[in-house]
There are 2 protein chains.
Amino acid sequence: MDRSQPDHLKNAGLKSTVPRLKILSLFELGQERHMSAEDVYKHLLASGDDVGLATVYRVLTQFEQAGLLARHYFEGGKSVFELNHGKHHDHIVCLQCGHVEEFYDAAIESRQKKIATERGFAVHDHSLHIYADCVKKNCPHKR
Amino acid sequence: MDRSQPDHLKNAGLKSTVPRLKILSLFELGQERHMSAEDVYKHLLASGDDVGLATVYRVLTQFEQAGLLARHYFEGGKSVFELNHGKHHDHIVCLQCGHVEEFYDAAIESRQKKIATERGFAVHDHSLHIYADCVKKNCPHKR
DNA sequence: TTGCAAATGAGAACTATTATCATTTATAAA
DNA sequence: TTTATAAATGATAATAGTTCTCATTTGCAA
C-alpha cells in the first residue's frame, strides 16, 4: 500500500510540519525532478506558501540525511536535489539548457567498484556526470 | 626538447609575469598535485611570495582556459586544480583525509560515450568521482 | 489544554568566487 | 635604452550559495 506524506516524514524520524510537507509534495507532485534550494524556494513563493529560505536549506539537508532526497553537485557549484527513488543512477547534463537525464549502466558500476577495491578504498558513493549538448532535441529547455 | 616556463606561458598566449610563473612552478615543482585556489594562495604566502588572492583566482582560470591546468569540482563545493598532463583520467577522493588518486579505465570511458551518443547527446566532457575511505592506507594525509 | 522540545523565520555571518578600479609592469616600438 | 601603452596586478567591494543565531512559533505527548 502507498503511504501518505506525513508517514514518509514519520518514518524518517521527522515531525510533520507545514514547511516539510510542502517541500516534500513539491518533489512528489511537482513538474521538476531536479531542483536547487533556490528553485524550491521560488516555487513555494510562487504558490503563495511562504517558507523561509533557511528552512528550505535545512529541510533539504534533513531529507537528504533521511534518504528521502538525493543531492548532486553539478558543475557550477550549486547542489541539486531529486527524489530518492532508491535506484542509484548517474546523470547527463545538457550544457546548453541545463536539462538533466538519468542513466544507469551496470558495467560502469561494477568496474568502478572493482577499481576502487583494487586500490584499497572502501567506496562510500560516487558521482558520474556527463556534460553534453542534446543535439537531437534542439534544447527544449531554457537554462 | 623541453620547454622553460615562460615558453609554456607564451605558447598559451599569456604574458610571462611574476605571479603566473610562480603559480605555474608551484604545480610543476610542488609536492601537491591537486590544489584549490586557497591552497595555492597559502603556499605562495608561505614561501614569501605575496600574490593577491584575486590574482590567484584569475590566473588559475586563465591556465584552465589555456589548457595548462584542469579544474575539478569535488563534493564540498570548492574547485580543485591540477596540471593538465593531457591524459584524461577520473578521481577517487578519500573522504577522511582528502587524498586524491587518479585512475583511467577504457571500458568505462567507452561505455559513457556509447550511452550519451545513443541518447542523442554530443559529449563535451564528464567527471567521475568515487568518494571513499582509503582503508589500506590508514589515511596518511591530513585534510 | 498545557508544556516543552523541536522547528521556524529573519537576518547576520561565512565561504568561495568574481568584479571594480587605481596602480604597476611587461613588452614592443622608437 | 627609454618610453608608451595595453595588459596584469592587488586591495577591496560585491555576489552567490549556504549555514548559523536566536527570538518566536508550533507539533504533539502527557
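Lettering of chains follows the sequences in order, A, B, ..., and the numbering in each one begins at 1.
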Is A:Arg20 close enough to C:dA7 that one of its side-chain N or O atoms is under 4.0 Å from OP1 or OP2 there? yes
Do A:Lys114 and A:Glu118 meet the salt-bridge criterion of a basic N to acidic O distance under 4.0 Å? yes
From CD1 of A:Ile23 over to P of C:dT8, roughly how many Å is that when rounded to an integer? 8 Å
With the side chain defined as heavy atoms from C-beta on, A:Ala54 is closest, among D:dT18, C:dG11, C:dA7, to C:dG11
Whole angstroms only, please: what is the CG-P distance between A:Leu60 and C:dA7? 15 Å
In terms of side-chain heavy atoms of B:Pro19, which of C:dA6, D:dA6, D:dT9 is nearest? D:dT9
Once you round it to whole Å, what is the distance between C1' of C:dA16 and OH of B:Tyr41? 14 Å
Considering only D:dT18, D:dT19, C:dA7, which nucleotide approaches the side chain of A:Lys15 most closely? C:dA7
Lys/Arg-Asp/Glu bridge criterion (N-O < 4.0 Å) met for B:Glu102, B:Arg33: yes
Measure from the side chain of A:Val18, starting at C-beta and using heavy atoms only, and say which of D:dG10, C:dA10, D:dG27 lies closest. D:dG27
With heavy atoms under 4.0 Å as the rule, sort A:Ser79 into base, sugar-phosphate or nothing. sugar-phosphate
Starting at atom CG of B:Leu14, determine the distance to atom P of D:dT9, rounded to an integer number of angstrom. 9 Å
Give a yes/no answer on whether the side chain of A:Lys78 brings an N or O atom under 4.0 Å of OP1 or OP2 in D:dG17. yes
Between C:dG9 (P) and A:Asp50 (CG): distance, integer Å: 7 Å
Select from A:Arg58 and A:Leu53 the residue whose nearest nucleotide in DNA chain D is closer to the 5' end of that strand. A:Leu53
Those residues at least two apart in sequence (or on a different chain) that pass salt bridge (Lys or Arg N to Asp or Glu O under 4.0 Å) with B:Asp50 are none
At under 4.0 Å, does any side-chain N or O of A:Ser16 touch on OP1 or OP2 of D:dG27? no
Give the rounded distance in Å between these two atoms: CD of B:Gln65 and C1' of C:dT18. 13 Å
Could you tell me the separation between the CG atom of A:Asp39 and the C1' atom of D:dA16, rounded to a whole number of Å? 14 Å
Anything under 30° is parallel, anything over 60° is perpendicular, the rest tilted; go ahead and classify A:His88 against A:His126. perpendicular
With respect to the side chain of B:Tyr57, which nucleotide from C:dT18, C:dA5, C:dT8 is positioned closest? C:dT18
Phosphate OP1/OP2 of C:dT8 contacted by A:Thr17 side-chain N/O (<4.0 Å): yes
When the ring planes of A:Phe74 and A:His91 are compared, do they come out parallel, tilted or perpendicular, using 30° and 60° as the limits? perpendicular
C:dA26 C1' sits how many Å from B:Lys10 NZ, rounded? 10 Å
